[in-house]
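What follows is a short report on a single structure.
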Protein chains: 2
Amino acid sequence: MNSPEEVVDFIYNGHQRFLPHLSIDCVIFGYHDQQLKILLIRYHDQEHWSLPGGYVERQEGLTAAAHRILSEKTQLTNLYLQQFYTFGDSPTRLNRIEIQDNHNKVYAKANVAIDEEHWLSKRTLSVGYYALVDYHEVSVTPEFLVVDYAWVDVNAVPSLQYDHNEIIDKALLTLRSQLYQQSVGYNLLPEKFTLSEIQALYEAILGKPFDRRNFRKKMVALGVIRQLDERRKIGPHRSPYLYDFNLENASKLQEAGGVIF
Amino acid sequence: MNSPEEVVDFIYNGHQRFLPHLSIDCVIFGYHDQQLKILLIRYHDQEHWSLPGGYVERQEGLTAAAHRILSEKTQLTNLYLQQFYTFGDSPTRLNRIEIQDNHNKVYAKANVAIDEEHWLSKRTLSVGYYALVDYHEVSVTPEFLVVDYAWVDVNAVPSLQYDHNEIIDKALLTLRSQLYQQSVGYNLLPEKFTLSEIQALYEAILGKPFDRRNFRKKMVALGVIRQLDERRKIGPHRSPYLYDFNLENASKLQEAGGVIF
DNA sequence: TCCCTATTGCGTAAACTTTACAGAATAAAA
DNA sequence: TTTTATTCTGTAAAGTTTACGCAATAGGGA
């Protein structure tokens with residue numbers, strides 16, 4: 001929604017297009033500067049940051065909705081996207097006054113207001129999805145009501161709107177537990193990478209250091225990655241071998257399932 | 001809902017009490033006769049069996065709703081209950097004609113019908129919860145529209161309504177992956193049990209046999225169970241030692257997380 | 001050109017965990 | 001008393017994980 005007119009249309013007619021009482025919130029993970037980061041947005045006149053999210057169309061599949069919302073926000077399609085939990089317990093989700101107030105502060109920018117009977121004033125449950133994106137490929141779509149966006153380190157997430165901190169916590173837990181089952185790295189790293197790079201990624205996600213030699217041994221033994229015959233010339237010193245993901249083994253890993261380190 | 005009047009009231013006034021477009025489906029696991037079983041119900045004039053389910057009240061927490069629904073169906077409170085996934089992709093969930101038809105066949109028993117604009121005719125997403133119950137404690141509440149119920153072996157689940165087979169599959173996968181994290185056995189077995197009993201339970205859930213000696217070694221070493229000083233007199237032959245769950249260790253196990261066998 | 005240094009590359013021993021496997025003990029029934 | 005079904009327990013081998021150190025070298029600086 002990039003103009004006041006679109007916002008007004010959404011507020012007046014959105015109930016025809018979308019299901020009420022239900023939203024999708026996306027925890028978008030990207031990796032940059034040796035840090036695992038999350039994309040946050042801030043709406044007009046809101047103190048707290050939020051997760052990007054959206055609504056489900058009346059005849060749209062849930063997964064399809066999550067993909068649509070994500071591509072609307074980041075211009076990326078075919079992302080790695082996983083549902084992880086549905087949130088509907090937080091008292092902040094039940095406080096209609098606060099919900100209506102927050103909405104109205106935001107919509108003031110488009111000179112509209114909603115009353116307490118409006119569909120957007122109502123309590124919503126939110127289905128949480130996490131996405132893994134290539135940090136460099138993301139270009140956040142400018143939206144009329146979104147005044148700011150930021151990538152924040154998962155270890156320095158500020159206090160967010162509603163229960164979004166809780167959503168992030170759960171997303172991280174899920175991501176960690178699926179680190180080996182799914183080829184998580186595949187979606188966060190370039191096609192080819194050095195051992196140090198993938199180790200740093202795993203350390204950022206799991207929040208603990210590994211021994212380089214043992215890390216390599218295990219990743220290669222498990223068939224997660226493959227050493228290539230190629231080296232890369234980097235910075236001041238030596239040129240390390242490149243690796244890539246061994247996607248043929250993905251299914252075996254899925255069977256093995258679960259946390260390995 | 002135990003009378004036609006209650007059903008009629010639900011159909012006419014339910015939209016005031018419940019959120020539309022959203023239901024909860026419960027996969028209720030019980031253990032009996034060395035088999036892991038699931039509670040299914042069948043509604044009036046429906047060919048296929050269904051999972052027990054219900055709706056979320058407008059001002060009710062999601063978890064609270066799941067507990068309420070479960071206690072309404074089984075008379076049990078304080079059950080072990082876990083959300084595992086939200087289902088909203090199956091084409092059968094989007095087919096309004098079929099949904100309305102099925103409802104009307106059921107409601108015919110109460111001499112009511114709904115039109116396509118009725119809230120119950122609309123597409124719903126369903127939040128899946130699984131419950132672990134003591135098979136012997138369950139007494140299924142008689143309901144006017146429910147003509148039958150049955151405990152079926154997880155390995156012999158018939159073809160169910162909508163996407164309920166898919167829901168069960170996912171519930172089982174989740175249960176298996178959480179077998180050690182959570183004290184699953186605690187909720188499916190009596191307080192004290194023999195080694196053979198818990199081994200049979202684990203075999204039923206994971207669908208594969210274990211070596212008795214290794215199983216005991218591991219369960220005791222992990223601190224999941226404790227051998228007691230007590231024996232039980234059972235059937236024809238020897239009286240085995242009893243064990244109980246070592247709940248003090250539950251948190252440690254949670255950290256360890258994941259599938260162990 | 002040579003030396004220094006930061007980084008990468010590689011291997012082995014010890015500790016621990018998992019698997020495989022069999023025979024002795026005993027309660028109850030015949 | 002004998003038989004039988006069931007439970008009880010231990011050890012060796014294989015595999016996995018952890019801990020740890022040194023040699024090689026590309027690039028920068030003297």
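Within every chain, numbering begins at 1; the chains are lettered A, B, ... in the order of the sequence lines, protein sequences first and strands thereafter.
- Taking atom NZ of residue A:K208 and atom P of nucleotide D:dT17, one finds them 13 Å apart after rounding to whole Å.
- The environment of B:E72 atom CD is dense: over 12 non-hydrogen atoms of other residues, nucleotides or ligands sit within 6.0 angstrom.
- Closest to the A:S196 side chain, of the nucleotides C:dT19, C:dT8, C:dC10, is C:dT8.
- In this entry the distance linking CZ of A:R216 with C1' of C:dG11 reads 11 Å, nearest Å.
- Under the 3.5 Å distance criterion, with hydrogens and angles disregarded, no donor-acceptor pair is assigned to the side chains of B:R231 and B:T194.
- If you measure from atom CZ of A:F215 to atom P of C:dC10, you get 16 Å, rounded to the nearest angstrom.
- Out of D:dG10, C:dG11, C:dC10, the shortest distance to the side chain of A:K217 is found at C:dG11.
- Whole-Å rounding puts the A:Y241 OH to D:dA26 P distance at 11 Å.
- Under 3.5 Å, the side chains of A:Q82 and A:Y130 contain no donor-acceptor pair of N or O atoms.
- The interatomic distance linking B:D211 (CG) with D:dG10 (P) rounds to 15 Å, in whole Å.
- Here the options are B:S50, B:S159, B:S126, the test is side-chain contact (heavy atoms from CB on, under 4.5 Å), and the partner is B:H164; only B:S50 passes.
- The nucleotide whose nearest atom lies closest to any side-chain atom of B:P240 is, among C:dG9, D:dC8, D:dT18, D:dC8.
- Nucleotide C:dT17 holds its P atom 17 Å from the CE atom of B:M219, rounded to whole Å.
- Distances shown here put a side-chain N or O of B:R212 below 4.0 Å from the OP1 or OP2 atom of D:dC8.
- Rounded to whole Å, atom P of C:dG9 lies 13 Å from atom CD of A:E230.
- The base of C:dA22 is paired with the side chain of B:R213 by a donor and an acceptor separated by under 3.5 Å.
- Remark: C1' of D:dG10 and CG of B:N214 are 11 Å apart, rounded to the nearest angstrom.
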